[in-house]
Protein chains: 2
Amino acid sequence: MSYQESLAALADPTRRQVFETLARAPGPVGQIAKSLPVSRPAVSQHLKVLSDAGLVVARQDGTRRIYSVDPKGLAELRRWLDGFWTDVMDRFASEINTLEPKDD
Amino acid sequence: MSYQESLAALADPTRRQVFETLARAPGPVGQIAKSLPVSRPAVSQHLKVLSDAGLVVARQDGTRRIYSVDPKGLAELRRWLDGFWTDVMDRFASEINTLEPKDD
DNA sequence: GCTTACCGTAAGTAATGTCTTACCAAGAAT
DNA sequence: ATTCTTGGTAAGACATTACTTACGGTAAGC
């Protein structure tokens with residue numbers, strides 16, 4: 001549930017595929033596994049990591065678990081990235097002003 | 001030079017520390033290594049990964065290499081995340097409309 | 001009730017990734 | 001010219017991670 005966890009979770013290619021699949025449409029574990037070149041338990045393990053990072057949530061439907069994207073983790077990652085971006089840009093601007101002080 | 005590379009690069013804690021250190025202020029390899037609990041070659045290797053992802057750039061200064069954040073990789077990551085975010089939000093909105101069709 | 005479909009977890013293995021020391025090259029300093 | 005500083009790269013040790021098969025547990029279908 002931190003941006004660090006989100007980054008680590010989304011770094012792995014197949015785990016990211018799981019996530020992007022769920023973004024297109026929610027679905028049960030078995031269905032996702034069938035569309036990927038890995039076993040169902042592997043998908044389950046990826047879903048646990050994504051879940052711990054707050055990137056997906058599951059709702060129970062009988063014996064099936066329907067997973068879908070949770071905006072929470074995504075929002076957190078976005079918040080960090082946007083803050084970082086403005087920081088970097090601010091430093092860039094002040095750096096340029098230092099080199100070319102046109103407003104003295 | 002893709003959002004995949006950026007995600008993978010920023011997933012590692014110490015590599016992210018290298019990156020965040022450079023975001024605060026550009027600097028040579030040795031200086032960064034001194035502020036971190038890893039050796040200088042380790043920092044060099046991390047910088048290579050960050051560089052390949054377009055997250056940092058180096059400018060040569062005699063025998064030293066001054067690394068600084070490259071907005072390019074950061075911008076790419078931001079673009080992907082923002083696109084993803086709006087996609088997810090759109091699906092959320094249409095999902096709600098499907099369940100509660102108040103505007104028929 | 002019995003079987004079938006669905007899924008999480010455990011255990012072990014294979015693959016990746018991160019770190020260290022050792023080495024080499026290039027410019028700065030004396 | 002030699003020495004010192006700086007840093008990239010190679011090789012190998014170590015840790016982490018992703019995958020597989022095997023198992024158990026719960027709900028649906030007949």
Side-chain angles (χ1 to χ4, degrees), chain A residues 1-22 25-70 73 77, chain B residues 1-22 25-70 73 77:
Chain A
M1 206 95 75
S2 60
Y3 75 93
Q4 291 99 335
E5 269 184 298
S6 293
L7 283 172
L10 293 175
D12 181 72
T14 65
R15 189 158 50 224
R16 193 170 48 242
Q17 270 195 289
V18 170
F19 184 63
E20 293 181 344
T21 300
L22 288 180
V29 180
Q31 179 181 309
I32 296 167
K34 264 182 280 182
S35 74
L36 294 179
V38 293
S39 68
R40 183 193 51 73
V43 173
S44 257
Q45 288 159 10
H46 284 309
L47 284 169
K48 168 147 182 51
V49 175
L50 290 170
S51 177
D52 286 349
L55 288 167
V56 303
V57 281
R59 102 182 126 76
Q60 198 81 23
D61 173 34
T63 168
R64 301 193 307 178
R65 313 198 77 209
I66 311 297
Y67 280 88
S68 55
V69 168
D70 185 355
L77 187 55
Chain B
M1 206 96 74
S2 60
Y3 76 92
Q4 290 99 333
E5 270 182 297
S6 293
L7 282 172
L10 294 174
D12 181 71
T14 64
R15 189 156 51 226
R16 193 170 48 242
Q17 270 195 289
V18 170
F19 185 62
E20 294 183 342
T21 300
L22 288 180
V29 179
Q31 177 181 311
I32 297 168
K34 265 181 279 181
S35 74
L36 294 179
V38 293
S39 69
R40 183 193 52 72
V43 173
S44 258
Q45 290 157 8
H46 283 309
L47 284 169
K48 169 147 183 50
V49 175
L50 290 170
S51 177
D52 286 349
L55 287 167
V56 303
V57 282
R59 103 182 127 74
Q60 198 81 24
D61 174 32
T63 170
R64 301 192 307 174
R65 314 198 75 208
I66 311 297
Y67 280 89
S68 54
V69 168
D70 185 355
L77 187 55

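As the structure is a computational prediction, the values presented were derived from the model and not from experiment. To find a chain, count down the sequence lines: A is the first, B the second, and so on, and within it residues start at 1.
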(message) If I take atom CG from residue B:Leu10 and atom CD from residue B:Glu5, how far apart are they, to the nearest 0.5 angstrom?
(response) 11.5 Å

(request) Please list residues of residues 48-56 of chain A whose heavy atoms come under 4.0 Å from any atom in DNA chain C, ordered by number; otherwise none. (result) A:Lys48

Enumerate the protein-to-nucleotides 21-29 of chain D contacts in which both atoms are nitrogen or oxygen and the separation is below 3.5 Å.
none

(request) Could you tell me which residues satisfy side-chain contact (heavy atoms from CB on, under 4.5 Å) with A:Ala33, sequence neighbours excluded, listed by chain and number? (result) A:Arg40, A:Val43

(request) With sequence neighbours excluded, tell me which residues meet ring-ring contact (aromatic ring centres under 6.0 Å, His included) with B:Tyr67. (result) none

(request) Let me know the distance between CG of A:Leu47 and P of D:dA18, rounded to the nearest Å. (result) 13 Å

(request) Starting from P on D:dG7, measure out to CD1 on B:Ile32 and report it in whole angstrom. (result) 9 Å

(message) On the nucleotide D:dT6, are OP1 or OP2 found under 4.0 Å from the side-chain N or O atoms that B:Tyr67 carries?
(response) no

(message) Please find the pair of heavy atoms, one from A:Gly27 and one from A:Leu22, that lie closest to each other, and give the distance.
(response) N-CD2, 3.9 Å

(message) I need the full list of side chain to side chain donor-acceptor pair (under 3.5 Å) pairs touching residues 6-17 of chain B, with sequence neighbours left out, sorted by first then second residue.
(response) B:Asp12-B:Thr14, B:Thr14-B:His46, B:Arg15-B:His46

(request) Would you jot down, in residue-number order, the residues of residues 5-21 of chain B having a non-hydrogen atom under 4.0 Å from DNA chain D? (result) none

(request) List in chain and number order the residues that pass salt bridge (Lys or Arg N to Asp or Glu O under 4.0 Å) with A:Arg65, two or more places apart in sequence or in another chain; answer none if no residue qualifies. (result) none

Going by atom type alone, with no hydrogens or angles, which donor-acceptor pairs under 3.5 Å involve a side-chain atom of residues 50-59 of chain B and a protein atom two or more places apart or on another chain?
residue	atom	partner	partner atom	Å
B:Asp52	OD2	B:Lys48	NZ	3.2

(message) Rounded to whole Å, please give me the gap between CD in B:Gln60 and C1' in D:dT6.
(response) 10 Å

(message) Of all nucleotides in DNA chain C that come within under 4.0 Å of a heavy atom of chain B, which is furthest toward the 5' end and which toward the 3' end?
(response) C:dT18 to C:dA28

(request) Please collect all ring-ring contact (aromatic ring centres under 6.0 Å, His included) contacts where either partner lies in residues 1-21 of chain A, sequence neighbours excluded, each pair once. (result) A:Tyr3-A:Trp80, A:Phe19-B:Phe84

(request) Could you pull out all residues at least two apart from B:Ala42 that satisfy side-chain contact (heavy atoms from CB on, under 4.5 Å)? (result) B:Val38, B:Ser39

